[in-house]
Structures are given as C-alpha cells and as structure tokens.
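Here is the structure we will look at.
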Amino acid sequence: MKIESRKVTDTSAAATELGYIFTFLLGVMLLSLFSIWTWDIETATRDRWNEQAVQLNLDDIAAAVERADEASRIGDIEYTESVWWRATEADENLFTIQLTDNYLVFIDEGGSLDTEVYLSGAGSGEHTGTVNLSGSEMIWIVHSDGVTSIQLERPQ
C-alpha cells in the first residue's frame, strides 16, 4: 500500500494572522496619536490658566499700586495694602516682580510668562522694589516717606 502525500497550500490562516497584526498596529498608532493629542490639549490648557492667573495677579497688584499712588497725593501719609498671590502650576521659584515708575514688570526666568502692566505713575513719589515670589502667598504694597514699593515682608 502506497501512501500518497500532497502539499496543501492553504493561505487563509496566514492572511487572518496578518490581518490581526495590522489591526493591532493600527490600534497602537491611533492610541498613540490620541495620547499625543490629549497631552497637547492638556498642556495648552495649563499654559492658558497660568497666563490668566499671572495676569489677574498683576492686575490686582497694579490696582493696589494705583491706590497707593492716590493716597500719596493726599499728603504726607503712609499706606499699606496686601495682595494675595493666586497659585499657578508654573515654577514660582523663577518668578520675579519689579516695580518701576510706569510699569509692573513680571519676569519668568524659566518660561514664557514674561509680561508687564502699565501704571499711570500719577503718585507724588517714586516707585521701587523687586520681589522674588519663591514660596510667597502675599505681596505688600507700601507707600512711606514718598516712596511706593512692593515687598514680601509685612511692614512694621
């Protein structure tokens, strides 16, 4: 008795396996693109919130400086006001605020949040002061002896 052997060339199983592999790779690619897309949205949202928080903080400080200038025009008085610093997700150790005669300048040494707020400069004295916001929650605006300044320590 002779046994005949024949080679069978059935490729349907291999085609199915290749389909599984390509489907898996397509899924990995789509999930990767989705992850990058959501990360980009989250980063843009965080950046926008940081910009808005910094701008609101600077607006509050500038308004307090303007009130100190208004008080300085009354005469020889002392004026003190505190402004709470709203927290941001940026590295506040690298934030510096500088008060000049016509501007409140915000310097972000580690990012792109640098900005400035115009001040009227209509007070009877000069403006001065530079503060580093490392760990600060409150900024003091002080008018004393004809000078309006910003500082982190509560005046005595």
Side-chain angles (χ1 to χ4, degrees), residues 17-156:
E17 287 296 321
L18 284 176
Y20 290 155
I21 291 170
F22 287 132
T23 302
F24 173 76
L25 292 175
L26 179 65
V28 168
M29 184 185 71
L30 290 176
L31 283 175
S32 298
L33 289 174
F34 180 75
S35 297
I36 292 170
W37 178 66
T38 56
W39 179 81
D40 194 35
I41 288 173
E42 188 268 336
T43 301
T45 301
R46 184 181 332 113
D47 289 345
R48 187 176 68 247
W49 286 348
N50 283 335
E51 289 171 8
Q52 289 175 351
V54 165
Q55 190 61 49
L56 288 172
N57 286 325
L58 292 178
D59 289 345
D60 289 348
I61 295 169
V65 169
E66 294 289 348
R67 287 189 291 274
D69 282 350
E70 186 176 337
S72 75
R73 291 191 301 267
I74 294 173
D76 187 25
I77 66 166
E78 291 190 4
Y79 178 87
T80 301
E81 182 177 345
S82 63
V83 176
W84 286 97
W85 180 262
R86 292 173 189 88
T88 66
E89 287 190 357
D91 186 2
E92 294 181 351
N93 293 322
L94 302 175
F95 288 175
T96 303
I97 298 177
Q98 182 179 16
L99 180 62
T100 65
D101 282 335
N102 293 319
Y103 290 97
L104 184 63
V105 181
F106 181 80
I107 302 164
D108 178 13
E109 296 173 13
S112 61
L113 296 174
D114 294 348
T115 188
E116 54 188 35
V117 175
Y118 177 75
L119 302 170
S120 69
S124 66
E126 65 180 88
H127 295 153
T128 187
T130 300
V131 294
N132 186 332
L133 293 177
S134 178
S136 302
E137 294 180 356
M138 187 175 294
I139 298 170
W140 292 88
I141 291 77
V142 178
H143 177 79
S144 179
D145 298 327
V147 177
T148 301
S149 63
I150 58 173
Q151 57 193 39
L152 295 178
E153 301 296 322
R154 181 178 182 202
Q156 300 299 322

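The first residue of the sequence shown is numbered 1, and numbering continues consecutively from there.
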- Residues at least two apart in sequence or cross-chain that pass salt bridge (Lys or Arg N to Asp or Glu O under 4.0 Å) with Glu66, listed by chain then number, are none
- Partner residues of Leu26 under the side-chain contact (heavy atoms from CB on, under 4.5 Å) criterion, sequence neighbours left out: Met29, Leu30
- Query: How many angstroms lie between atom CD1 of Ile61 and atom CG of Leu56, to the nearest 0.5 angstrom?
  - Reply: 11.0 Å
- Item | side-chain hydrogen bond (donor to acceptor under 3.5 Å, both in side chains): pairs with one or both residues in residues 52-61, sequence neighbours excluded | Gln55-Asp59, Asn57-Arg86, Asp60-Arg86
- Task: Could you list the residues that satisfy side chain to side chain donor-acceptor pair (under 3.5 Å) with Asp91, not counting sequence neighbours?
- Result: Asn93
- Query: Looking at residues at least two apart in the chain, or sitting in another chain, which of them share a side-chain contact (heavy atoms from CB on, under 4.5 Å) with Arg67?
  - Reply: Ala63, Ala64, Tyr79, Glu81
- Residues which pass side-chain contact (heavy atoms from CB on, under 4.5 Å) with Ser32, listed by chain and number, not counting sequence neighbours: Val28
- Output the distance between atom CG (Asn50) and atom OG1 (Thr45), rounded to the nearest 0.5 Å. 11.0 Å
For residues 136-149, which side-chain N or O atoms pair as donor and acceptor with protein atoms under 3.5 Å away, sequence neighbours left out?
from   : atom 1 : to     : atom 2 : distance (Å)
His143 : ND1    : Thr148 : OG1    : 2.9
Ser144 : OG     : Glu78  : OE2    : 3.4

- Item | Least distance between heavy atoms, Ala87 atom then Ala53 atom | O-CB, 4.3 Å
- Quick one: list whatever passes side chain to side chain donor-acceptor pair (under 3.5 Å) with Glu153, sequence neighbours left out. none
- Asn132 CG to Glu92 CD distance, which is reported to the nearest 0.5 Å: 10.5 Å
- Query: For Arg46, what residues pass the side chain to side chain donor-acceptor pair (under 3.5 Å) criterion, not counting sequence neighbours?
  - Reply: Glu42, Glu89
Less than 3.5 Å apart, which donor and acceptor atoms pair up between the side chains of residues 97-109 and the rest of the protein, not counting sequence neighbours?
from   : atom 1 : to     : atom 2 : distance (Å)
Thr100 : OG1    : Tyr103 : N      : 3.0
Thr100 : OG1    : Tyr103 : O      : 3.0
Asp101 : OD1    : His127 : N      : 2.8
Asp108 : OD1    : Gly110 : N      : 3.2
Asp108 : OD1    : Gly111 : N      : 3.4
Asp108 : OD2    : Gly111 : N      : 3.4
Asp108 : OD2    : Leu113 : N      : 3.4

- Does Phe34 have any ring-ring contact (aromatic ring centres under 6.0 Å, His included) partners at least two apart in sequence or in another chain, and if so, which? Trp37
- Message: Within this structure, what is the CG-CZ distance for the pair Asp114 and Phe95, rounded to the nearest 0.5 Å?
- Response: 9.5 Å
- Measuring from Tyr20:OH to Thr23:OG1, what's the distance to the nearest 0.5 Å? 9.0 Å
